[in-house]
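Values below: every heavy atom of this structure, side chains too, minus hydrogens, waters and symmetry copies. In what follows, chains are A, B, ... by sequence order, proteins preceding strands, each numbered from 1.
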2 protein chains.
Amino acid sequence: MSGKLPVRDRRAERHAATRREILDAAWELVRTDGLASLAMRNLGQRVGMRAQSLYAYFPSKHAIYDAMFADSNRQLLDRLTNLPPSDDPIDRLRRQARRFLDFCIEDPVRYQLLFQRTIPGFEPSAESYAPALDVLDHSRQALRDCGIDESRALDTWTALTAGLAAQQNSNEPGGDRWVRLLDEVIDMFLVRYPPTESRRP
Amino acid sequence: MSGKLPVRDRRAERHAATRREILDAAWELVRTDGLASLAMRNLGQRVGMRAQSLYAYFPSKHAIYDAMFADSNRQLLDRLTNLPPSDDPIDRLRRQARRFLDFCIEDPVRYQLLFQRTIPGFEPSAESYAPALDVLDHSRQALRDCGIDESRALDTWTALTAGLAAQQNSNEPGGDRWVRLLDEVIDMFLVRYPPTESRRP
DNA sequence: GTCTATATTTGGATAGAC
DNA sequence: GTCTATCCAAATATAGAC
(Lines give C-alpha, C1' and ligand atoms only; values in the text may rest on other atoms or scores of the structure.)
Protein backbone atom coordinates (compact mmCIF):
# COMPACT_ATOMS: atom_id res chain seq x y z
CA MET A 1 0.00 0.00 0.00
CA SER A 2 1.31 3.41 -0.89
CA GLY A 3 1.41 6.03 1.84
CA LYS A 4 -0.93 8.88 1.05
CA LEU A 5 -0.11 11.21 3.89
CA PRO A 6 1.02 14.47 2.27
CA VAL A 7 -1.96 16.66 1.55
CA ARG A 8 -0.16 18.88 -0.88
CA ASP A 9 1.58 17.32 -3.81
CA ARG A 10 4.52 19.62 -4.18
CA ARG A 11 5.60 17.88 -7.30
CA ALA A 12 2.28 18.45 -9.02
CA GLU A 13 2.22 22.05 -7.87
CA ARG A 14 5.60 22.67 -9.36
CA HIS A 15 4.52 21.04 -12.57
CA ALA A 16 1.40 23.15 -12.80
CA ALA A 17 3.36 26.29 -12.09
CA THR A 18 5.77 25.57 -14.91
CA ARG A 19 2.91 24.85 -17.25
CA ARG A 20 1.48 28.21 -16.36
CA GLU A 21 4.83 29.85 -16.94
CA ILE A 22 5.06 28.28 -20.37
CA LEU A 23 1.59 29.45 -21.28
CA ASP A 24 2.34 32.98 -20.19
CA ALA A 25 5.46 32.98 -22.29
CA ALA A 26 3.46 31.65 -25.23
CA TRP A 27 1.04 34.55 -24.91
CA GLU A 28 3.88 37.03 -24.95
CA LEU A 29 5.33 35.41 -28.04
CA VAL A 30 2.14 35.32 -30.07
CA ARG A 31 1.41 38.92 -29.20
CA THR A 32 4.62 40.03 -30.81
CA ASP A 33 5.13 37.45 -33.58
CA GLY A 34 1.57 36.58 -34.45
CA LEU A 35 -0.52 33.61 -33.49
CA ALA A 36 0.60 31.34 -36.29
CA SER A 37 4.29 31.99 -35.68
CA LEU A 38 4.48 30.32 -32.32
CA ALA A 39 7.47 27.98 -32.39
CA MET A 40 8.58 25.49 -29.79
CA ARG A 41 12.17 26.67 -30.08
CA ASN A 42 11.38 30.28 -29.29
CA LEU A 43 9.01 29.26 -26.60
CA GLY A 44 11.61 27.07 -24.93
CA GLN A 45 14.16 29.84 -25.16
CA ARG A 46 11.75 32.24 -23.53
CA VAL A 47 11.31 30.04 -20.48
CA GLY A 48 14.94 28.95 -20.36
CA MET A 49 14.53 25.45 -21.69
CA ARG A 50 15.24 23.53 -24.81
CA ALA A 51 12.28 23.07 -27.06
CA GLN A 52 12.27 19.35 -26.40
CA SER A 53 11.79 19.83 -22.70
CA LEU A 54 8.46 21.49 -23.28
CA TYR A 55 7.11 18.10 -24.21
CA ALA A 56 7.29 17.16 -20.53
CA TYR A 57 4.47 19.67 -20.05
CA PHE A 58 2.53 19.60 -23.28
CA PRO A 59 2.29 16.64 -25.62
CA SER A 60 2.24 18.84 -28.73
CA LYS A 61 2.08 22.38 -29.96
CA HIS A 62 -1.61 22.05 -30.58
CA ALA A 63 -2.02 21.15 -26.93
CA ILE A 64 -0.48 24.51 -26.11
CA TYR A 65 -2.89 26.29 -28.42
CA ASP A 66 -5.67 24.34 -26.81
CA ALA A 67 -4.65 25.44 -23.33
CA MET A 68 -4.45 29.02 -24.54
CA PHE A 69 -7.89 28.67 -26.05
CA ALA A 70 -9.21 27.41 -22.73
CA ASP A 71 -7.45 30.29 -20.97
CA SER A 72 -9.21 32.79 -23.15
CA ASN A 73 -12.60 31.29 -22.74
CA ARG A 74 -12.26 31.19 -19.00
CA GLN A 75 -11.14 34.80 -18.90
CA LEU A 76 -14.11 35.89 -20.94
CA LEU A 77 -16.51 33.91 -18.82
CA ASP A 78 -15.01 35.41 -15.67
CA ARG A 79 -15.38 38.86 -17.09
CA LEU A 80 -19.05 38.31 -17.87
CA THR A 81 -19.81 36.57 -14.60
CA ASN A 82 -18.33 39.19 -12.35
CA LEU A 83 -20.49 42.01 -13.56
CA PRO A 84 -21.59 44.43 -10.87
CA PRO A 85 -25.18 43.57 -10.00
CA SER A 86 -27.91 45.81 -11.29
CA ASP A 87 -31.67 45.78 -11.02
CA ASP A 88 -32.13 47.02 -14.52
CA PRO A 89 -31.85 44.13 -16.98
CA ILE A 90 -31.29 46.47 -19.88
CA ASP A 91 -28.45 48.03 -18.02
CA ARG A 92 -27.02 44.57 -17.45
CA LEU A 93 -27.36 43.77 -21.11
CA ARG A 94 -25.48 46.91 -22.05
CA ARG A 95 -22.71 46.33 -19.58
CA GLN A 96 -22.30 42.79 -20.69
CA ALA A 97 -21.96 43.81 -24.31
CA ARG A 98 -19.46 46.46 -23.37
CA ARG A 99 -17.37 43.95 -21.48
CA PHE A 100 -17.49 41.54 -24.34
CA LEU A 101 -16.37 44.15 -26.79
CA ASP A 102 -13.58 45.37 -24.55
CA PHE A 103 -12.43 41.82 -24.19
CA CYS A 104 -12.36 41.35 -27.94
CA ILE A 105 -10.37 44.42 -28.73
CA GLU A 106 -7.92 44.56 -25.86
CA ASP A 107 -6.02 41.59 -27.26
CA PRO A 108 -6.48 41.02 -31.00
CA VAL A 109 -4.44 37.83 -30.94
CA ARG A 110 -6.66 36.32 -28.28
CA TYR A 111 -9.61 37.41 -30.38
CA GLN A 112 -8.12 35.66 -33.37
CA LEU A 113 -7.57 32.46 -31.44
CA LEU A 114 -11.06 32.44 -29.99
CA PHE A 115 -13.20 33.64 -32.83
CA GLN A 116 -11.36 33.18 -36.09
CA ARG A 117 -10.48 29.57 -36.67
CA THR A 118 -7.27 30.28 -38.49
CA ILE A 119 -4.48 27.96 -37.32
CA PRO A 120 -3.94 25.20 -39.90
CA GLY A 121 -4.53 21.97 -38.03
CA PHE A 122 -5.97 23.25 -34.78
CA GLU A 123 -9.41 22.62 -33.41
CA PRO A 124 -10.14 23.16 -29.74
CA SER A 125 -10.94 20.14 -27.64
CA ALA A 126 -14.42 19.73 -26.27
CA GLU A 127 -13.27 20.66 -22.76
CA SER A 128 -11.61 23.84 -23.91
CA TYR A 129 -14.57 24.81 -25.99
CA ALA A 130 -17.18 24.20 -23.33
CA PRO A 131 -16.95 27.64 -21.67
CA ALA A 132 -17.77 29.22 -25.01
CA LEU A 133 -21.23 27.74 -24.77
CA ASP A 134 -21.58 29.24 -21.32
CA VAL A 135 -20.65 32.59 -22.77
CA LEU A 136 -23.40 32.30 -25.32
CA ASP A 137 -25.79 31.30 -22.57
CA HIS A 138 -24.90 34.49 -20.78
CA SER A 139 -26.12 36.53 -23.69
CA ARG A 140 -29.20 34.41 -24.08
CA GLN A 141 -30.04 34.86 -20.41
CA ALA A 142 -29.37 38.59 -20.45
CA LEU A 143 -31.75 39.00 -23.36
CA ARG A 144 -34.33 36.78 -21.74
CA ASP A 145 -34.14 38.93 -18.60
CA CYS A 146 -35.19 41.81 -20.81
CA GLY A 147 -38.09 39.77 -22.06
CA ILE A 148 -36.44 39.16 -25.40
CA ASP A 149 -36.90 35.54 -26.26
CA GLU A 150 -36.81 35.12 -30.01
CA SER A 151 -33.96 33.05 -31.33
CA ARG A 152 -33.57 35.48 -34.20
CA ALA A 153 -32.98 38.16 -31.64
CA LEU A 154 -30.09 36.24 -30.13
CA ASP A 155 -28.50 35.64 -33.51
CA THR A 156 -28.89 39.28 -34.42
CA TRP A 157 -27.45 40.30 -31.09
CA THR A 158 -24.32 38.20 -31.53
CA ALA A 159 -23.91 39.48 -35.08
CA LEU A 160 -24.02 43.07 -33.88
CA THR A 161 -21.36 42.67 -31.24
CA ALA A 162 -19.26 40.41 -33.46
CA GLY A 163 -19.46 42.96 -36.25
CA LEU A 164 -18.25 45.84 -34.14
CA ALA A 165 -15.39 43.73 -32.81
CA ALA A 166 -14.43 42.50 -36.27
CA GLN A 167 -14.41 45.94 -37.82
CA GLN A 168 -12.52 47.47 -34.94
CA ASN A 169 -9.84 44.81 -34.91
CA SER A 170 -9.30 44.58 -38.63
CA ASN A 171 -9.55 48.24 -39.58
CA GLU A 172 -8.33 50.15 -36.60
CA PRO A 173 -6.77 47.88 -33.97
CA GLY A 174 -6.23 49.75 -30.76
CA GLY A 175 -8.74 52.46 -31.66
CA ASP A 176 -12.37 53.00 -30.73
CA ARG A 177 -14.04 54.09 -33.95
CA TRP A 178 -16.43 51.14 -33.92
CA VAL A 179 -16.44 50.38 -30.23
CA ARG A 180 -17.92 53.76 -29.46
CA LEU A 181 -20.90 52.94 -31.67
CA LEU A 182 -21.99 50.21 -29.28
CA ASP A 183 -24.62 52.10 -27.31
CA GLU A 184 -26.17 53.43 -30.45
CA VAL A 185 -26.24 49.99 -32.01
CA ILE A 186 -27.88 48.60 -28.91
CA ASP A 187 -30.51 51.32 -29.08
CA MET A 188 -31.16 50.26 -32.64
CA PHE A 189 -31.52 46.66 -31.56
CA LEU A 190 -33.88 47.50 -28.73
CA VAL A 191 -36.19 49.35 -31.06
CA ARG A 192 -36.52 46.28 -33.21
CA TYR A 193 -36.76 43.89 -30.27
CA PRO A 194 -38.50 45.89 -27.59
CA PRO A 195 -37.91 44.65 -24.06
CA THR A 196 -41.03 43.83 -22.09
CA GLU A 197 -41.66 44.27 -18.39
CA SER A 198 -41.18 40.59 -17.69
CA ARG A 199 -38.07 41.12 -15.66
CA ARG A 200 -36.98 38.49 -13.26
CA PRO A 201 -35.04 40.05 -10.41
CA MET B 1 16.24 49.68 -84.00
CA SER B 2 14.15 46.77 -82.94
CA GLY B 3 11.26 45.79 -85.18
CA LYS B 4 7.96 46.31 -83.43
CA LEU B 5 5.63 44.85 -85.99
CA PRO B 6 3.74 42.07 -84.15
CA VAL B 7 0.68 43.50 -82.47
CA ARG B 8 0.17 40.56 -80.19
CA ASP B 9 2.98 39.47 -77.98
CA ARG B 10 2.40 35.74 -77.96
CA ARG B 11 5.12 35.28 -75.43
CA ALA B 12 3.55 37.63 -72.95
CA GLU B 13 0.14 36.09 -73.53
CA ARG B 14 1.49 32.67 -72.77
CA HIS B 15 3.16 33.97 -69.65
CA ALA B 16 -0.02 35.62 -68.41
CA ALA B 17 -2.01 32.47 -69.11
CA THR B 18 0.36 30.38 -67.04
CA ARG B 19 0.25 32.90 -64.24
CA ARG B 20 -3.51 32.62 -64.30
CA GLU B 21 -3.27 28.85 -64.25
CA ILE B 22 -1.00 28.96 -61.22
CA LEU B 23 -3.35 31.27 -59.40
CA ASP B 24 -6.33 29.05 -60.10
CA ALA B 25 -4.41 26.07 -58.78
CA ALA B 26 -3.48 28.07 -55.69
CA TRP B 27 -7.14 28.80 -55.03
CA GLU B 28 -7.96 25.13 -55.27
CA LEU B 29 -5.20 24.27 -52.86
CA VAL B 30 -6.08 26.79 -50.19
CA ARG B 31 -9.72 25.79 -50.36
CA THR B 32 -8.84 22.26 -49.37
CA ASP B 33 -5.76 22.74 -47.18
CA GLY B 34 -6.41 26.12 -45.66
CA LEU B 35 -5.02 29.50 -46.55
CA ALA B 36 -1.90 29.28 -44.44
CA SER B 37 -0.93 25.87 -45.75
CA LEU B 38 -0.19 26.94 -49.28
CA ALA B 39 3.21 25.49 -50.22
CA MET B 40 5.25 26.10 -53.33
CA ARG B 41 5.94 22.39 -53.71
CA ASN B 42 2.30 21.38 -53.74
CA LEU B 43 1.42 24.28 -55.95
CA GLY B 44 4.06 23.32 -58.49
CA GLN B 45 2.87 19.75 -58.42
CA ARG B 46 -0.66 20.86 -59.09
CA VAL B 47 0.30 22.70 -62.28
CA GLY B 48 2.83 20.08 -63.38
CA MET B 49 5.98 22.00 -62.50
CA ARG B 50 8.71 21.90 -59.95
CA ALA B 51 8.32 24.40 -57.19
CA GLN B 52 11.36 26.29 -58.39
CA SER B 53 9.84 26.96 -61.77
CA LEU B 54 7.08 28.96 -60.18
CA TYR B 55 9.60 31.66 -59.48
CA ALA B 56 9.60 32.43 -63.19
CA TYR B 57 6.06 33.71 -62.65
CA PHE B 58 6.02 35.00 -59.12
CA PRO B 59 9.01 36.36 -57.22
CA SER B 60 7.85 34.91 -53.91
CA LYS B 61 5.02 33.16 -52.17
CA HIS B 62 3.77 36.44 -50.78
CA ALA B 63 3.49 37.70 -54.33
CA ILE B 64 1.10 34.84 -55.00
CA TYR B 65 -0.96 35.75 -51.97
CA ASP B 66 -0.92 39.31 -53.17
CA ALA B 67 -2.23 38.35 -56.60
CA MET B 68 -4.94 36.28 -54.96
CA PHE B 69 -5.83 39.22 -52.79
CA ALA B 70 -6.12 41.41 -55.86
CA ASP B 71 -8.22 38.73 -57.54
CA SER B 72 -10.66 38.75 -54.68
CA ASN B 73 -10.98 42.47 -54.54
CA ARG B 74 -11.61 42.72 -58.23
CA GLN B 75 -14.25 40.01 -58.07
CA LEU B 76 -16.03 41.78 -55.27
CA LEU B 77 -15.90 45.09 -57.04
CA ASP B 78 -17.26 43.51 -60.22
CA ARG B 79 -20.07 41.97 -58.27
CA LEU B 80 -21.05 45.31 -56.77
CA THR B 81 -20.64 47.25 -59.98
CA ASN B 82 -22.78 44.99 -62.13
CA LEU B 83 -25.90 45.35 -60.05
CA PRO B 84 -29.10 45.49 -62.07
CA PRO B 85 -30.17 49.13 -62.19
CA SER B 86 -33.03 50.23 -60.00
CA ASP B 87 -34.75 53.53 -59.43
CA ASP B 88 -35.23 52.85 -55.76
CA PRO B 89 -32.03 53.70 -53.88
CA ILE B 90 -33.13 51.67 -50.88
CA ASP B 91 -33.63 48.71 -53.10
CA ARG B 92 -30.14 49.23 -54.47
CA LEU B 93 -28.75 49.41 -50.98
CA ARG B 94 -30.39 46.15 -50.06
CA ARG B 95 -29.23 44.35 -53.16
CA GLN B 96 -25.74 45.57 -52.67
CA ALA B 97 -25.63 44.29 -49.13
CA ARG B 98 -27.01 40.96 -50.25
CA ARG B 99 -24.34 40.63 -52.88
CA PHE B 100 -21.65 41.53 -50.44
CA LEU B 101 -22.84 38.96 -47.97
CA ASP B 102 -23.16 36.26 -50.60
CA PHE B 103 -19.65 37.03 -51.70
CA CYS B 104 -18.35 36.69 -48.16
CA ILE B 105 -19.92 33.37 -47.43
CA GLU B 106 -19.59 31.57 -50.73
CA ASP B 107 -15.86 31.18 -50.22
CA PRO B 108 -14.71 31.36 -46.60
CA VAL B 109 -11.05 31.15 -47.56
CA ARG B 110 -11.37 34.15 -49.83
CA TYR B 111 -13.14 35.91 -47.00
CA GLN B 112 -10.28 35.07 -44.68
CA LEU B 113 -7.71 36.40 -47.12
CA LEU B 114 -9.61 39.62 -47.74
CA PHE B 115 -10.94 40.51 -44.34
CA GLN B 116 -8.98 38.72 -41.67
CA ARG B 117 -5.33 39.63 -41.81
CA THR B 118 -4.07 36.28 -40.70
CA ILE B 119 -1.08 35.13 -42.78
CA PRO B 120 2.12 35.68 -40.81
CA GLY B 121 4.21 38.00 -42.94
CA PHE B 122 1.72 39.05 -45.56
CA GLU B 123 0.40 42.52 -46.19
CA PRO B 124 -1.24 43.35 -49.48
CA SER B 125 0.53 45.79 -51.74
CA ALA B 126 -1.02 49.19 -52.34
CA GLU B 127 -2.12 48.21 -55.85
CA SER B 128 -3.84 45.07 -54.68
CA TYR B 129 -5.52 46.89 -51.87
CA ALA B 130 -6.79 49.80 -53.92
CA PRO B 131 -10.05 48.16 -55.09
CA ALA B 132 -10.99 47.64 -51.45
CA LEU B 133 -11.31 51.37 -51.08
CA ASP B 134 -13.58 51.44 -54.12
CA VAL B 135 -15.73 48.80 -52.46
CA LEU B 136 -16.09 50.97 -49.42
CA ASP B 137 -16.95 53.90 -51.65
CA HIS B 138 -19.72 51.83 -53.14
CA SER B 139 -21.35 51.50 -49.75
CA ARG B 140 -20.80 55.12 -49.00
CA GLN B 141 -22.42 56.13 -52.24
CA ALA B 142 -25.33 53.74 -51.86
CA LEU B 143 -26.07 55.20 -48.45
CA ARG B 144 -25.69 58.72 -49.74
CA ASP B 145 -28.18 57.96 -52.49
CA CYS B 146 -30.63 57.17 -49.73
CA GLY B 147 -29.89 60.49 -48.15
CA ILE B 148 -27.84 58.90 -45.39
CA ASP B 149 -24.72 60.94 -44.94
CA GLU B 150 -23.45 60.55 -41.41
CA SER B 151 -20.09 58.91 -41.09
CA ARG B 152 -21.36 57.01 -38.07
CA ALA B 153 -24.00 55.53 -40.32
CA LEU B 154 -21.39 54.19 -42.69
CA ASP B 155 -19.37 52.63 -39.89
CA THR B 156 -22.48 51.08 -38.41
CA TRP B 157 -23.48 49.81 -41.81
CA THR B 158 -20.17 48.06 -42.40
CA ALA B 159 -20.28 46.60 -38.89
CA LEU B 160 -23.71 45.11 -39.53
CA THR B 161 -22.77 43.38 -42.75
CA ALA B 162 -19.37 42.35 -41.39
CA GLY B 163 -21.02 40.90 -38.31
CA LEU B 164 -23.44 38.75 -40.24
CA ALA B 165 -20.64 37.48 -42.45
CA ALA B 166 -18.36 36.78 -39.50
CA GLN B 167 -20.97 34.87 -37.55
CA GLN B 168 -22.10 32.89 -40.54
CA ASN B 169 -18.60 31.89 -41.55
CA SER B 170 -17.32 31.03 -38.12
CA ASN B 171 -20.36 29.32 -36.65
CA GLU B 172 -22.16 27.75 -39.54
CA PRO B 173 -20.11 27.86 -42.73
CA GLY B 174 -22.21 26.92 -45.70
CA GLY B 175 -25.46 27.66 -43.91
CA ASP B 176 -27.76 30.67 -43.88
CA ARG B 177 -28.72 31.15 -40.25
CA TRP B 178 -27.24 34.64 -40.13
CA VAL B 179 -27.46 35.52 -43.79
CA ARG B 180 -31.22 35.28 -43.73
CA LEU B 181 -31.32 37.95 -41.02
CA LEU B 182 -30.01 40.53 -43.45
CA ASP B 183 -33.28 42.18 -44.47
CA GLU B 184 -34.39 42.42 -40.92
CA VAL B 185 -31.10 43.95 -39.88
CA ILE B 186 -31.34 46.45 -42.68
CA ASP B 187 -34.83 47.40 -41.52
CA MET B 188 -33.39 47.99 -38.10
CA PHE B 189 -30.69 50.17 -39.54
CA LEU B 190 -33.13 52.20 -41.61
CA VAL B 191 -35.22 52.98 -38.58
CA ARG B 192 -32.21 54.45 -36.86
CA TYR B 193 -30.94 56.23 -39.97
CA PRO B 194 -34.07 57.12 -41.87
CA PRO B 195 -33.57 57.70 -45.58
CA THR B 196 -34.69 61.06 -46.87
CA GLU B 197 -36.25 61.90 -50.20
CA SER B 198 -33.02 63.39 -51.52
CA ARG B 199 -32.56 60.70 -54.10
CA ARG B 200 -30.39 61.35 -57.05
CA PRO B 201 -31.55 59.29 -60.00
C1' DG C 1 12.89 17.05 -15.47
C1' DT C 2 16.23 18.51 -18.46
C1' DC C 3 19.65 17.68 -21.49
C1' DT C 4 22.16 16.04 -26.04
C1' DA C 5 21.56 14.01 -30.16
C1' DT C 6 18.99 13.10 -33.82
C1' DA C 7 15.22 11.83 -36.84
C1' DT C 8 12.08 13.62 -39.97
C1' DT C 9 9.63 16.70 -42.51
C1' DT C 10 8.80 20.66 -44.68
C1' DG C 11 9.37 24.69 -47.01
C1' DG C 12 11.31 28.87 -49.36
C1' DA C 13 14.60 30.14 -52.44
C1' DT C 14 19.02 30.22 -55.67
C1' DA C 15 22.50 28.57 -59.33
C1' DG C 16 23.33 26.89 -63.43
C1' DA C 17 22.63 23.42 -67.18
C1' DC C 18 19.71 22.55 -71.10
C1' DG D 1 11.01 28.32 -69.28
C1' DT D 2 11.89 24.29 -67.07
C1' DC D 3 14.77 21.28 -65.12
C1' DT D 4 18.37 19.12 -61.64
C1' DA D 5 20.84 19.86 -57.84
C1' DT D 6 21.21 22.07 -53.69
C1' DC D 7 21.17 25.09 -49.94
C1' DC D 8 19.53 26.74 -45.96
C1' DA D 9 16.56 27.35 -42.38
C1' DA D 10 13.06 26.18 -39.42
C1' DA D 11 10.12 23.30 -37.17
C1' DT D 12 7.91 19.24 -34.68
C1' DA D 13 8.89 15.41 -32.28
C1' DT D 14 11.36 11.08 -30.24
C1' DA D 15 15.15 8.32 -27.79
C1' DG D 16 17.99 7.81 -24.30
C1' DA D 17 21.68 9.54 -21.06
C1' DC D 18 22.16 11.95 -16.68
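The salt bridge (Lys or Arg N to Asp or Glu O under 4.0 Å) test applied to B:Glu106 returns B:Arg79, B:Arg110, not counting sequence neighbours.
Smallest separation of non-hydrogen atoms from A:Thr196 and A:Gly147: OG1-CA, 3.6 Å. Of all heavy-atom pairs between B:Ser128 and B:Asn73, the closest is O-ND2, 3.2 Å.
Near DNA chain D, meaning a heavy atom under 4.0 Å from it, residues 7-18 of chain A has no residue at all.
Between A:Tyr65 and A:Phe122, the ring-plane angle classifies as tilted under the 30° and 60° cut-offs.
Residue B:Ser53 places at least one side-chain N or O closer than 4.0 Å to OP1 or OP2 of D:dC3.
Going from atom CD of B:Glu21 over to atom C1' of D:dT2 covers 14 Å, rounded to whole Å. When the P atom of C:dG11 is taken as reference, atom CZ of B:Phe122 falls 19 Å away, rounded to whole Å. As a whole-Å value, the separation of B:Leu29 CG from C:dT10 C1' is 15 Å. Residue A:Leu54 contributes atom CG, which lies 13 Å from atom P of D:dT14 at whole-angstrom precision. Here D:dT12 presents its C1' atom at 13 Å from CG of A:Asn42, a figure rounded to the nearest Å. When rounded to the nearest whole Å, the span between CZ of A:Arg50 and C1' of D:dA15 equals 17 Å.
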Distance-only criterion, 3.5 Å: show the donor-acceptor pairs between side-chain atoms of residues 51-61 of chain B and protein atoms not counting sequence neighbours.
from	atom 1	to	atom 2	distance (Å)
B:Ser60	OG	B:His62	N	3.4
B:Ser60	OG	B:Ala63	N	3.2
B:Lys61	NZ	B:Leu38	O	2.8

Side-chain donor/acceptor pairs under 3.5 Å, residues 29-36 of chain A, sequence neighbours excluded:
from	atom 1	to	atom 2	distance (Å)
A:Arg31	NE	A:Asp107	OD2	2.7
A:Arg31	NH2	A:Asp107	OD2	3.2
A:Thr32	OG1	A:Leu29	O	3.1

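Identified under the salt bridge (charged side-chain N to carboxylate O under 4.0 Å, His left out) test for residues 165-176 of chain A, with sequence neighbours left out: A:Asp176-A:Arg180.
For A:Glu28, the CD atom is densely surrounded, since the number of other residues' heavy atoms within 6.0 Å is greater than 12.
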Please encode protein proximity along nucleotides 12-18 of chain C as a string of B, S and -, counting only heavy-atom distances under 4.0 Å. BBB----
